[in-house]
Amino acid sequence: MSFQAPKGTFDWLPPRSERVLAVREALVAPVRQAGYGYVETPTFEDTELFKRGVGESTDVVTKEMYTFEDKGGRSLTLRPEGTASVVRAVLQHSLHNGRLPVKLWYSGSQYRYERAQRGRYRHFWQVGAEALGAEDPALDAELIVLAWRGYADLGLRDVTLLLNSLGDKECRPAYRAVLVEFLRKLDLDEATRARIDINPLRVLDDGRPEVQAQLAGAPLVVDHLCEACKAYHEEVRLLLSDSGVPFTDDPKLVRGLDYYTRTTFEFVHGGVGSQAAIGGGGRYDGLSEMLGGPPLPSVGWALGVDRTILAMEAEGLLDDESDARVQVYGVPLGSDARRRMFRLVEELRTAGIGTDMAFGGRGVKGAMKGADRSGARFALILGERDLAAQAVQVKDLTTAEQTEVPLAEVVEILKGKLQ
RNA sequence: GUGGGCGUAGCUCAGUUGGCAGAGCGCCAGGUUGUGGUCCUGGAUGUCGGGGGUUCAAGUCCCCUCGCUCACCCCA
């Protein structure tokens, strides 16, 4: 084998690949039902968009971007996340001058240059939803409820919703100062010390036990929220409770992208290796302005498709059975029969019946084996004898019962049998 | 970027103190010259990840390298 998928990437193959489609659909169905419209943006953008949008201090920007120069000398980057692109598209096309909020969803590939491990790949898939241009706790709650229902519809049981508020431009600076003062006194490695100055909140999110131990008495943002943020957060919590969506307050939930304000949340699951998050998001009231747009308070999330599938596998929700894609399978014997079968197969498909046939000039035995493996309910056997009689043998593969029916009627008869 | 584990058939893996490369599953064919799934019989498939070294002899020991994988950091 001379070629393989690039490091950190992988192929989806049947029958697992079918699950990708199903999971994507299930995750976005609640959002579509809630009036969100589909948006598709380029898989690469101006590098500067991500630097400004995601944040120069984030790991995503400093070490995980696939950046390249095109033939015109522009610096482009494969998108590491979806929100910055969506905001850019909204601003570029002035969607924010219309009815607010602008509600959009997307589904597609994302790219981050990382060392791959279970649940974390260089090429991965997210579905996302964004509601732009409204400051309303009901919008935060709506998105969370919709994501929650997406997971529930897939049958996931062990999803935990973590919730926090990061404050806004009123209260965050004061909190930040208190936090920095606290963090400076700790015994931390150099990289973490540097982070104190760049984005001290993210130190709270450090997963290392030796760091967490020192953070036991750290000042928490919930204790420093201004009245407006506090009221906003309480309303989000109330709406979630009223909706029957259980959540866990996590005062140290910060998340790795710089643009978040107020509400942040994460859906975590134990079945995806050490990558607990299968989805996450939050409010990003300042992002539009960072990208040169007008104030556009917004909220959104992204759900990891491949991580969701890992979570489903961990819960035993993906049995690989029933790979059947067709209901009927044609077994032609001889070249005349083969031509007639080719037409018949097309007639069946046109009639809405999933149909395949034996290709490759195999014998009857091989063709019947193909019929069996296709998962089809019926095999249609057509040989010279049948052709002469203008008939075809219909074999029920579950009972081995075989009947001869007129060729002219077989489509209608199969339609009846398959109802 | 850092650390651990693993590379043998399409897949999952065995391979003893260094001594003719194997099993199960899958695949193909036959048993049934027009009938699958069960059963029986037979068959094909390997640069043992790659390169170098030690040795009469290397899948096995040593060195280098590539790849995969898990974890750290971080994130979906």
Side-chain angles (χ1 to χ4, degrees), chain A residues 1-10 13 27 54 57-64 79-83 108-128 147 189 191-192 195 199 202-203 205-211 253-257 265-269 272-281 300-311 329 331-334 337 358 360 362-387 392-402 404:
Chain A
M1 205 171 28
S2 42
F3 289 105
Q4 45 185 327
K7 190 178 183 68
T9 68
F10 62 96
L13 302 172
L27 289 177
V54 176
S57 73
T58 61
D59 280 29
V60 168
V61 168
T62 55
K63 62 176 193 183
E64 295 175 0
R79 61 183 180 203
E81 60 104 40
T83 302
S109 299
Q110 314 291 340
Y111 308 86
R112 291 182 198 174
Y113 188 85
E114 307 187 78
R115 283 286 285 269
Q117 60 184 281
R118 184 175 170 78
R120 195 187 70 181
Y121 305 99
R122 291 183 172 182
H123 175 201
F124 58 103
W125 294 263
Q126 289 183 334
V127 299
D189 61 280
T192 309
R195 194 176 293 155
N199 190 341
R202 285 181 56 234
V203 177
D205 221 11
D206 198 309
R208 290 172 296 184
E210 65 270 25
V211 177
L253 177 71
V254 173
R255 303 182 49 71
L257 312 183
F265 53 90
E266 208 163 89
F267 298 96
V268 298
H269 193 279
V272 289
S274 62
Q275 330 304 320
I278 59 173
W301 48 240
L303 312 181
V305 174
D306 38 289
R307 284 193 183 174
T308 298
I309 288 171
L310 285 177
Y329 193 95
V331 177
L333 311 171
R362 320 165 77 182
V364 208
K365 196 184 170 84
M368 283 303 294
K369 201 171 278 195
D372 184 52
R373 287 170 198 180
S374 74
R377 171 84 187 280
F378 294 103
L380 297 185
I381 299 128
L382 186 70
E384 303 300 324
R385 294 207 298 263
D386 308 297
L387 220 44
V392 60
Q393 308 296 323
V394 176
K395 180 165 186 174
D396 185 327
L397 291 169
T398 57
T399 62
E401 188 185 335
Q402 183 168 320
E404 180 174 306

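Keep in mind the model is a prediction, meaning the values are calculated, not measured. Chain letters run A, B, ... following the sequence lines, proteins first and then strands; every chain starts at 1.
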Regarding [N], can its base be found pairing with the side chain of [X] as donor and acceptor, where the two atoms are less than 3.5 Å apart?
X         : N      : value
Lys395(A) : G36(B) : yes
Lys365(A) : U35(B) : no
Gln402(A) : U35(B) : yes
Asp372(A) : G36(B) : yes
Arg373(A) : C27(B) : no
Lys63(A)  : C74(B) : no

*asked:* Does the plane of the ring in Tyr111(A) sit parallel, tilted or perpendicular to the ring in His123(A)? Use 30° and 60° as the thresholds.
replied: parallel
*Kindly express the pairing pattern of RNA chain B in dot-bracket notation, using | wherever a base pairs with another strand and counting only Watson-Crick or G-U pairs under 3.5 Å.*
(((((((..((((.....[..)))).(((((.......))))).....(((((..]....))))))))))))....
_Say we look at U45(B) and C68(B): how far apart would their C1' atoms be, to the nearest angstrom?_
23 Å
*Which whole number of Å gives the distance between the P atom of A57(B) and that of G1(B)?*
40 Å
So [X], base contact, sugar-phosphate only, or nothing? Heavy-atom distance under 4.0 Å.
X         : result
Asp386(A) : base
Ala371(A) : nothing
Arg202(A) : sugar-phosphate

_N or O in side chain of Gln117(A) less than 4.0 angstrom from C72(B) OP1/OP2_ = yes
Atom pairs, protein N/O to nucleotides 4-11 of chain B N/O, distance under 3.5 Å:
none

